Amino acid sequence: MTQPLLELHNLNKSYGTFEAVKDIDLSVDAGEFLAIMGPSGCGKTTTLRMMAGLEDPTRGDIRLEGQQINDLPVWQRETPLVWQNLALFPYMTVRENVEFGLRMKKVPAPERQRRCAEWLERLGIAGFADRNVAKLSGGQRQRVALARSLVLQPKVLLLDEPLSALDAHMSIRMQGELKRLQRELGITFVYVTHSHSEAFSLADRVVIMNAGRIEQLGTPQDIFLRPRSRFVAQFVGGISLFSGVLKTTKEGKIGIDSADGLLQIADPASAQSGSRCDLAVRADRINVTTQPGWGTNEVPCTLMSEEFAGAVVNLHLETAAGTGIVAQLQQRDLERLSARAGQQVYASWHPEDGVLLGAPALKAVA
Ligand SMILES: Nc1ncnc2c1ncn2[C@@H]1O[C@H](COP(=O)(O)OP(=O)(O)OP(=O)(O)O)[C@@H](O)[C@H]1O
């Protein structure tokens, strides 16, 4: 088995009595693009700053290539951090900013200039080399910040919401460039973001944090299709949740007995009958009809509102028991449905589209 490049073992950070990061265990492989997501204040930045050496862990280990680096000062680490406000030196030119780290490392002038020129070229900012960074656009400044870190040939590049200051168009463009660079260079990226679309489209694996802990770690597909907890399902969004008790009927059907009736599932894993469970169903798996009789799990609902999201529309429904359901329809399907807010409709889905959460057997899966 190959050794992970970066490892966090039982990493903790407290500020006074407040525990910002709790018992984080995480391994990042060489060349991997790992995204860290979670609600504001869940400890993403603190975790990243500990990796960068900008915060001391209260407890636990950080290892790079197997070596503990907890006490290594920032400037000796090979894990630079690029963050949202970039922290470029405002009175320096682009070239001076990019060369700065190499000067600190006492890299001889000819090599410094060669490496700086290579990165200015690579990131398409050679034309502004002698311009003051204060006179650049947001996207250009972002490139300077990346060049300044990449010129140091880091083992891991840590990025804290690097695109959050850019407008939507520039952010999408930079996402593509970041992914291309990461693939071409084979550098390991650890990337903190608030943006679901950035995490899910860029990362090989995504960490979802909640209140200082890792709630789920998996590929974007895993997290999107198989959220492990209510928290992850709600955080990812576009998922309807039903609570109930796992039950096998006299006819041999398996489902959860919920306030909205028996909701059948295809795969109960090894959850035991009688255990309390939550069932998650993705919005794009829910059919909506104006007449009953179309599906296995069919729940009468009231259409509460429609939310237009480009080519698709999210329908917000509510059952008689007060459960909120969200269904995602193509625009043309909505036209065919021709239902209005306040009208009774029927939500249905196939048993195999329901994912059980909270069952003991599922929790035990690593
Ligand atoms: N220096 C500090 N002193 C005291 N508390 C701190 C300090 N730094 C961070 N915290 C607290 O630790 C918790 C985690 O902060 P952190 O910045 O890691 O969260 P985050 O997930 O990155 O949030 P955001 O998405 O808002 O940036 C927060 O409650 C924050 O207020």
Side-chain angles (χ1 to χ4, degrees), residues 6-28 32-64 69-74 77 79-88 138 141-142 145-146 149 156-168 171 174-175 178 188-203 205-218 220 223-224 227-237:
L6 181 69
E7 293 163 277
L8 309 181
H9 288 295
N10 194 26
L11 198 68
N12 284 266
K13 177 71 189 178
S14 299
Y15 296 105
T17 55
F18 176 71
E19 295 174 278
V21 172
K22 303 172 199 165
D23 303 328
I24 297 277
D25 281 310
L26 181 65
S27 296
V28 189
E32 186 174 22
F33 195 133
L34 183 91
I36 304 181
M37 292 189 80
S40 190
C42 71
K44 305 180 292 292
T45 295
T46 306
T47 305
L48 206 67
R49 287 174 60 83
M50 286 193 277
M51 293 181 193
L54 295 164
E55 294 279 357
D56 291 327
T58 308
R59 219 170 45 247
D61 267 0
I62 305 173
R63 292 171 192 264
L64 188 68
I69 57 165
N70 291 35
D71 300 325
L72 208 61
V74 182
R77 294 200 185 195
T79 53
L81 175 66
V82 175
W83 69 95
Q84 43 194 321
N85 67 11
L86 307 178
L88 295 173
R141 276 206 295 273
Q142 187 62 61
L146 283 169
S149 294
V156 181
L157 188 63
L158 307 172
L159 301 114
D160 191 0
E161 305 220 34
L163 308 183
S164 63
L166 303 181
D167 64 42
S171 165
M174 284 301 294
Q175 281 178 40
L178 275 177
T188 308
F189 275 23
V190 180
Y191 189 103
V192 163
T193 178
H194 266 116
S195 157
H196 289 51
S197 66
E198 276 174 35
F200 285 96
S201 64
L202 296 176
R205 287 190 305 159
V206 178
V207 173
I208 308 279
M209 285 185 71
N210 176 22
R213 294 187 195 277
I214 294 183
E215 187 85 16
Q216 188 167 353
L217 165 63
I223 288 180
F224 192 70
R228 206 170 281 167
S229 64
R230 262 189 107 81
F231 173 84
V232 175
Q234 280 163 339
F235 184 75
V236 169

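What's counted below: heavy atoms across the whole structure, side chains too, no hydrogens, waters or symmetry copies. We count ligands from 1, going down the list as the structure has it; atoms in each ligand are counted the same way. The structure displayed is predicted, hence computed values, not measured ones.
- Under the side-chain contact (heavy atoms from CB on, under 4.5 Å) rule, Phe189 has a single partner from Leu158, Leu159, Leu202, Val28, which is Leu159.
- No N or O atom of Thr47 sits closer than 3.5 Å to an N or O atom of ligand 1.
- Listed by number with element, the atoms of ligand 1 under 4.0 angstrom from any heavy atom of Ala20 are 12 (O), 13 (C).
- Atom numbering of ligand 1 starts at 1 in the shown order; those under 4.0 Å from a heavy atom of His194 are 25 (O).
- In terms of polar-atom proximity, defined here as any N/O pair under 3.5 Å, Thr46 does make such a contact with ligand 1.
- With sequence neighbours excluded, the residues that form a side chain to side chain donor-acceptor pair (under 3.5 Å) with Ser195 are Ser197.
- One N or O on the side chain of Thr79 and one on the backbone of Met51 form a donor-acceptor pair closer than 3.5 Å.
- Residues passing the side chain to side chain donor-acceptor pair (under 3.5 Å) test with Asp25, sequence neighbours excluded: none.
- Looking at Gly43 next to ligand 1, an N or O pair under 3.5 Å apart turns up.
- Close approach of ligand 1 to Phe18 (heavy-atom distance below 4.0 Å) involves ligand atoms 11 (C), 12 (O), 13 (C), 29 (O).
- Using a 4.0 Å cutoff on heavy atoms, Gly38 does not count as a contact of ligand 1.
- When Gly41, Pro39, Ser14 are ranked by how near their heavy atoms come to atom 28 (C) of ligand 1, first place goes to Gly41.
- Some N or O of Lys44 is nearer than 3.5 Å to an N or O of ligand 1, by distance alone.
- Side-chain atoms of Asn12 come within 3.5 Å of backbone atoms of Asn10 as a donor-acceptor pair (strictly under, hydrogens ignored).
- The main-chain N or O of Gly60 is found under 3.5 Å from a side-chain atom of Asn70 such that the two form a donor-acceptor pair.
- At distances below 3.5 Å, at least one donor-acceptor pair connects side-chain atoms of Ser164 with backbone N or O atoms of Glu161.
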